[in-house]
Amino acid sequence: MRSADLSESSMHCKVFSPRISALAPTFLRNYRNPFAHPELEAARRQVAGDLDRGRRLAARTGEGYRSGREPVVFAGFRFSNSEVGHHAVTLKPELVVKVCGNGLTVPLLAYTKRHLGDRLDIGAVDTWSHDTYRKRLAVITAETRDKVTEWLSPEFLTARVAEIEHHAATPVSQPDKAIEVLAGKLGFSEDERAGILSHFVAAGQLNAAGVANAVTSFSQTIADADRADALDDLALRAMTLV
């Protein structure tokens with residue numbers, strides 16, 4: 001468990017496996033940890049902690065990556081839940097960047113179930129037997145186990161890395177203009193646009209991968225856990241739009 005956040009309506013938990021890792025050299029080429037800048041790190045420390053694991057895999061590659069600069073990503077997932085009736089239970093896979101703790105979610109593969117306290121079907125009766133709830137919970141538990149098993153596998157991680165590497169190297173020659181356009185398409189506020197641009201410049205990665213990483217590093221400085229989670233859901237879309 002790398003973090004757990006509470007908002008007024010939801011809980012968001014982030015889980016990763018340091019044993020399931022892969023190299024993403026194109027996605028992380030020339031990427032510098034933006035949190036090396038004291039101002040950005042100070043903002044993050046208010047809402048999140050550091051991730052400092054996983055150098056052995058990079059050392060075995062023979063690529064000569066400097067310590068702390070290895071292009072390693074881990075397999076992970078998130079689950080979100082609300083006990084106040086605002087949301088369903090949601091799980092979604094995530095790629096976690098070793099260098100800075102960025103988390104790129106894959107919302108298109110999310111698994112969502114509404115709460116057992118809701119009506120099981122539209123128009124159904126309001127009360128159900130204990131046996132009905134027990135059996136429904138058993139199905140949700142089994143489906144969740146299958147999803148987590150799939151997502152925390154080398155095969156799944158390798159496939160997702162291949163997908164992001166395909167778009168990662170697209171150059172961004174005018175970052176201020178590009179991020180302004182993305183802000184309009186993806187609904188970033190003015191403060192979010194400015195913050196993402198700051199993280200993009202600090203990381204020095206002038207391509208589409210740099211945009212995705214800027215979104216996910218900036219989200220770590222957002223106190224609103226719901227909004228931070230929503231931004232991470234947009235990171236890969238921002239990269240493909242570039």
Side-chain angles (χ1 to χ4, degrees), residues 1-16 28 31-53 73-74 76-108 110 112 115 175-176 178-205 209-239 241:
M1 183 84 67
R2 68 190 189 94
S3 72
D5 301 306
L6 287 174
S7 70
E8 290 296 322
S9 62
S10 301
M11 174 182 69
H12 300 279
C13 295
K14 303 174 185 178
V15 181
F16 82 107
L28 294 174
Y31 181 63
R32 300 191 302 264
N33 183 0
F35 297 111
H37 291 249
E39 299 85 356
L40 301 183
E41 174 61 9
R44 178 171 72 161
R45 283 187 179 276
Q46 298 179 24
V47 293
D50 260 329
L51 181 69
D52 185 21
R53 300 170 184 265
V73 294
F74 299 115
F77 67 95
R78 295 187 187 186
F79 62 91
S80 302
N81 186 31
S82 173
E83 294 297 340
V84 294
H86 287 262
H87 303 290
V89 178
T90 299
L91 295 94
K92 51 196 171 188
E94 178 180 44
L95 308 181
V96 181
V97 178
K98 184 260 177 187
V99 171
C100 55
N102 291 352
L104 299 105
T105 58
V106 189
L108 292 179
T112 300
H115 286 294
D176 52 347
I179 293 175
E180 181 179 358
V181 172
L182 288 174
K185 289 181 177 292
L186 300 178
F188 299 148
S189 70
E190 178 57 28
D191 286 344
E192 290 169 349
R193 183 202 63 77
I196 291 168
L197 180 60
S198 295
H199 280 249
F200 181 87
V201 172
Q205 192 183 25
V211 172
N213 280 314
V215 173
T216 52
S217 62
F218 171 72
S219 75
Q220 296 177 62
T221 68
I222 301 298
D224 183 338
D226 292 331
R227 184 55 184 164
D229 187 70
L231 286 174
D232 288 340
D233 281 350
L234 295 171
L236 291 180
R237 179 139 186 260
M239 182 177 73
L241 285 174

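The chain is numbered in sequence order, starting from 1.
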Asker: Please give me the minimum heavy-atom distance between Phe16 and Val96, naming the atom from each residue.
Answerer: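 Looking at all heavy atoms of both residues, the shortest contact is CB-CG2, 4.0 Å.
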Asker: Rounded to the nearest 0.5 Å, what separates atom CG in Leu236 from atom CG in Leu95?
Answerer: 7.0 Å
Asker: Taking all non-hydrogen atoms of both residues, which atom of Ile179 and which atom of Phe200 are closest, and how far apart?
Answerer: CD1-CB, 4.1 Å
Asker: Using atom types as modelled and distance alone, determine if a side-chain donor or acceptor of Asp233 lies under 3.5 Å from a backbone N or O of Pro107.
Answerer: no
Asker: Is it the case that the side chains of Asp232 and Thr105 hold a donor-acceptor pair, with the cut-off being a distance below 3.5 Å and no angle test?
Answerer: no
Asker: Taking the side chain as C-beta and beyond, is there a heavy-atom pair between Leu231 and Thr216 under 4.5 Å?
Answerer: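 No. Closest side-chain heavy atoms not under 4.5 Å.
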Asker: Under the salt bridge (Lys or Arg N to Asp or Glu O under 4.0 Å) criterion, do Asp229 and Lys92 qualify, and how do the steps go?
Answerer: CA-CA 11 Å; Asp229 187 70; Lys92 51 196 171 188; 2.8 Å; yes
Asker: At their closest point, which heavy atom of Ala212 faces which heavy atom of Met239, and how far apart are they?
Answerer: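 Heavy atoms of Ala212 and Met239 come nearest at CB-CB, 3.9 Å.
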Asker: Looking only at heavy atoms, what is the nearest atom pair of Gln205 and Asn213, with distance?
Answerer: OE1-ND2, 3.1 Å
Asker: Can you measure from CZ (Phe188) to CD (Glu180) and round to the nearest 0.5 angstrom?
Answerer: 13.0 Å
Asker: Does Val89 form a side chain to side chain contact (heavy atoms under 4.5 Å, CB included) with Phe79? I'd like the steps, not just the answer.
Answerer: CA-CA 7 Å; Val89 178; Phe79 62 91; 5.6 Å; no
Asker: Given side chain to side chain contact (heavy atoms under 4.5 Å, CB included), test Lys185 with Val181 step by step and report yes or no.
Answerer: CA-CA 6 Å; Lys185 289 181 177 292; Val181 172; 3.9 Å; yes
Asker: Determine whether Pro175 and Leu197 make a side-chain contact, defined as any pair of heavy atoms from C-beta on separated by less than 4.5 Å.
Answerer: yes
Asker: Check the pair Lys98, Val73 against side chain to side chain contact (heavy atoms under 4.5 Å, CB included), reporting the backbone distance first and the verdict last.
Answerer: CA-CA 6 Å; Lys98 184 260 177 187; Val73 294; over 6 Å; no
Asker: When rounded to the nearest 0.5 angstrom, what distance separates CZ in Arg237 from CG in Leu104?
Answerer: 15.5 Å
Asker: Going from CD1 on Ile222 to CG on Asp224, what distance comes out if it is rounded to the nearest 0.5 angstrom?
Answerer: 8.0 Å
Asker: Ignoring hydrogens and angles, tell me if any N or O in the side chain of Thr221 forms a donor-acceptor pair with the backbone of Ser217 under 3.5 Å.
Answerer: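 Not a single qualifying donor-acceptor pair exists.
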Asker: Are any non-hydrogen side-chain atoms of Val15 and Arg2 less than 4.5 angstrom apart?
Answerer: no
Asker: For a 4.5 angstrom cut-off between non-hydrogen side-chain atoms, does Cys13 reach Met11?
Answerer: yes
Asker: Donor-acceptor pair, distance only, cut-off 3.5 Å: does the side chain of Ser10 make one with the backbone of Ser7?
Answerer: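 Answer holds: no.
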Asker: State, to 0.1 Å, how close Leu186 and Ala238 come at their nearest heavy-atom pair, and which atoms those are.
Answerer: CD1-CB, 3.7 Å
Asker: Regarding Asn81 and His12, is there a side-chain donor-to-acceptor distance under 3.5 Å anywhere?
Answerer: no
Asker: Taking Glu192 for its side chain and Ser189 for its backbone only, find out whether a donor-acceptor pair lies under 3.5 Å.
Answerer: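 Here the side-chain-to-backbone pair exists.
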Asker: State, to 0.1 Å, how close Glu94 and Gly103 come at their nearest heavy-atom pair, and which atoms those are.
Answerer: OE2-CA, 3.2 Å
Asker: Please step through side chain to side chain contact (heavy atoms under 4.5 Å, CB included) for the pair Val97 and Phe74, ending with a clear verdict.
Answerer: CA-CA 7 Å; Val97 178; Phe74 299 115; over 6 Å; no
Asker: Would you call the rings of His199 and Phe35 parallel, tilted or perpendicular, where under 30° means parallel and over 60° means perpendicular?
Answerer: perpendicular
